[in-house]
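Starting off with a structure, shown below.
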Number of protein chains: 2
Amino acid sequence: MRDLSEAVGIRPGSLYSHISSKEHLLLGIVETGITSFIDAIRPVVDEDLPAEEKLREALRAHMRVLDGQVEQTRVTFHQWQYLGPVNRPKALAVREEWESLFTRIVADGIASGEFRPREHFRLTVLMIAGILGSATEWYRPSGRSSPEEIADAIHDQIVGGLTSG
Amino acid sequence: MRDLSEAVGIRPGSLYSHISSKEHLLLGIVETGITSFIDAIRPVVDEDLPAEEKLREALRAHMRVLDGQVEQTRVTFHQWQYLGPVNRPKALAVREEWESLFTRIVADGIASGEFRPREHFRLTVLMIAGILGSATEWYRPSGRSSPEEIADAIHDQIVGGLTSG
DNA sequence: CCTACCGATCGGTAGG
DNA sequence: CCTACCGATCGGTAGG
């Protein structure tokens with residue numbers, strides 16, 4: 001909180017006329033962080049597109065948002081676990097809403113026959129979420145690959161695998 | 001450190017006749033943690049097997065080690081970032097050694113023609129690492145799926161993708 | 001391994 | 001938004 005107050009140019013104690021507690025501030029960062037991903041991806045999910053295209057556009061939307069807020073996303077994806085028993089469930093609820101968007105894309109794709117049926121279908125979603133979560137760590141906005149290039153490489157890997165394409 | 005001392009049944013200050021500092025203790029946990037994965041996976045990489053089989057066995061080895069030490073692995077994969085500038089590079093070096101095992105499997109598979117060539121080949125390794133890192137969060141040893149089942153589902157997804165198999 | 005303690009830092013508040 | 005401060009907790013040490 002001292003670092004924070006210095007960054008915004010006020011005294012440590014004065015922060016508390018803007019926020020109610022350190023933890024509530026963290027919750028806010030996490031909630032608005034995930035919400036920005038949800039807002040970017042949901043329109044894609046609602047579109048009338050083949051599942052494969054939907055997944056590609058959803059991944060692109062994700063990477064574009066990440067590109068614009070890497071630091072907040074690092075907090076969003078990894079620091080919610082330090083919330084207390086009152087606020088952690090709130091953060092988890094929003095996170096599950098985000099995950100459910102990918103669940104819908106994959107489930108619809110299987111239902112329509114575009115994707116092959118999978119025994120551990122929930123695992124596929126966990127893997128996509130895991131890849132995007134880890135991308136938060138290694139993605140650099142200043143890197144040589146654009147958000148879209150990275151998104152398409154992820155898409156290609158998830159859809160085509162190592163053998164086909 | 002107070003929690004820790006209580007858990008082992010000695011006074012807080014007495015910990016320091018066993019360890020030199022809190023951070024050095026963390027480094028030890030991280031280093032031995034990753035090393036146990038490396039030790040389990042390296043023999044597989046050195047075997048004479050098709051790349052696809054190598055990847056399957058490496059993933060199984062990983063999930064078996066994870067199954068035996070979930071808590072230590074959570075520290076290993078996520079808490080090394082809290083090490084200072086002196087010790088973080090040491091932890092990163094071991095982590096990169098772990099990652100390099102998967103790099104070799106994928107690179108060999110591409111070289112032998114078993115896997116299709118990929119533009120962003122390093123990305124594939126980052127995705128595998130990301131999936132295994134996230135598995136640390138959702139894997140439950142008491143769950144209905146064995147380590148091998150999970151490993152094979154991950155293998156199936158990475159190799160076959162969503163469409164072929 | 002214990003007793004006793006240190007200085008630093010933490011989130012947060014009272015009163016203006 | 002500031003001054004001034006609180007009690008709690010932190011990693012760690014001296015001396016036995």
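Every chain is numbered from 1, with letters handed out A, B, ... down the list of sequences. Small disclaimer: the values here were computed from a predicted structure and weren't measured.
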*What residues form a side-chain hydrogen bond (donor to acceptor under 3.5 Å, both in side chains) with B:K22, not counting sequence neighbours?*
none

*asked:* As a test of your reading of the structure, name each stem of DNA chain C as range with range, where a stem is three or more consecutive Watson-Crick or G-U pairs at under 3.5 Å.
replied: C:1-16 with D:1-16

_Show every side-chain hydrogen bond (donor to acceptor under 3.5 Å, both in side chains) that has at least one partner inside residues 60-77 of chain B, sequence neighbours left out._
B:T32-B:Q72, B:S36-B:Q69, B:R60-B:D152, B:R64-B:E148, B:D67-B:Y139

*Report the residues that fulfil side chain to side chain contact (heavy atoms under 4.5 Å, CB included) with A:R42, sequence neighbours left out, ordered by chain and then residue number.*
A:I38, A:D46, A:E97, A:L101

*Could you list the residues that satisfy side-chain hydrogen bond (donor to acceptor under 3.5 Å, both in side chains) with A:E57, not counting sequence neighbours?*
none

*asked:* Students often mix this up, so state it plainly: with edges at 30° and 60°, are the rings of A:H78 and B:H78 parallel, tilted or perpendicular?
replied: tilted

*So where does chain B start and stop touching DNA chain C, 5' to 3', when the test is distance under 4.0 Å to a non-hydrogen atom?*
C:dC1 to C:dT3

*Could I get the full list of side chain to side chain contact (heavy atoms under 4.5 Å, CB included) partners for B:E31, not counting sequence neighbours?*
B:L27, B:K90, B:V94

*Can you list, by residue number, the residues of residues 75-82 of chain B that have a non-hydrogen atom closer than 4.0 angstrom to DNA chain C?*
none

*Under the side-chain hydrogen bond (donor to acceptor under 3.5 Å, both in side chains) test, which residues partner A:R88, sequence neighbours left out?*
none

*Can you list, by residue number, the residues of residues 3-19 of chain B that have a non-hydrogen atom closer than 4.0 angstrom to DNA chain D?*
B:G13, B:Y16

*When you check the gap from the basic side-chain N to the acidic O, do B:R116 and A:D156 get nearer than 4.0 Å?*
yes

*Output every pair passing side-chain hydrogen bond (donor to acceptor under 3.5 Å, both in side chains) with a member in residues 11-21 of chain B, not counting sequence neighbours, ordered by first then second residue.*
none

*If you measure from the Lys or Arg side-chain nitrogens to the Asp or Glu carboxylate oxygens, is any gap between A:R95 and A:E99 under 4.0 Å?*
yes

_Suppose the criterion is ring pair (Phe, Tyr, Trp, His ring centres under 6.0 Å): which pairs have a residue in residues 105-138 of chain A, not counting sequence neighbours?_
none

*Do B:E52 and B:H155 come within less than 4.5 Å of each other through their side chains, counting heavy atoms only?*
yes

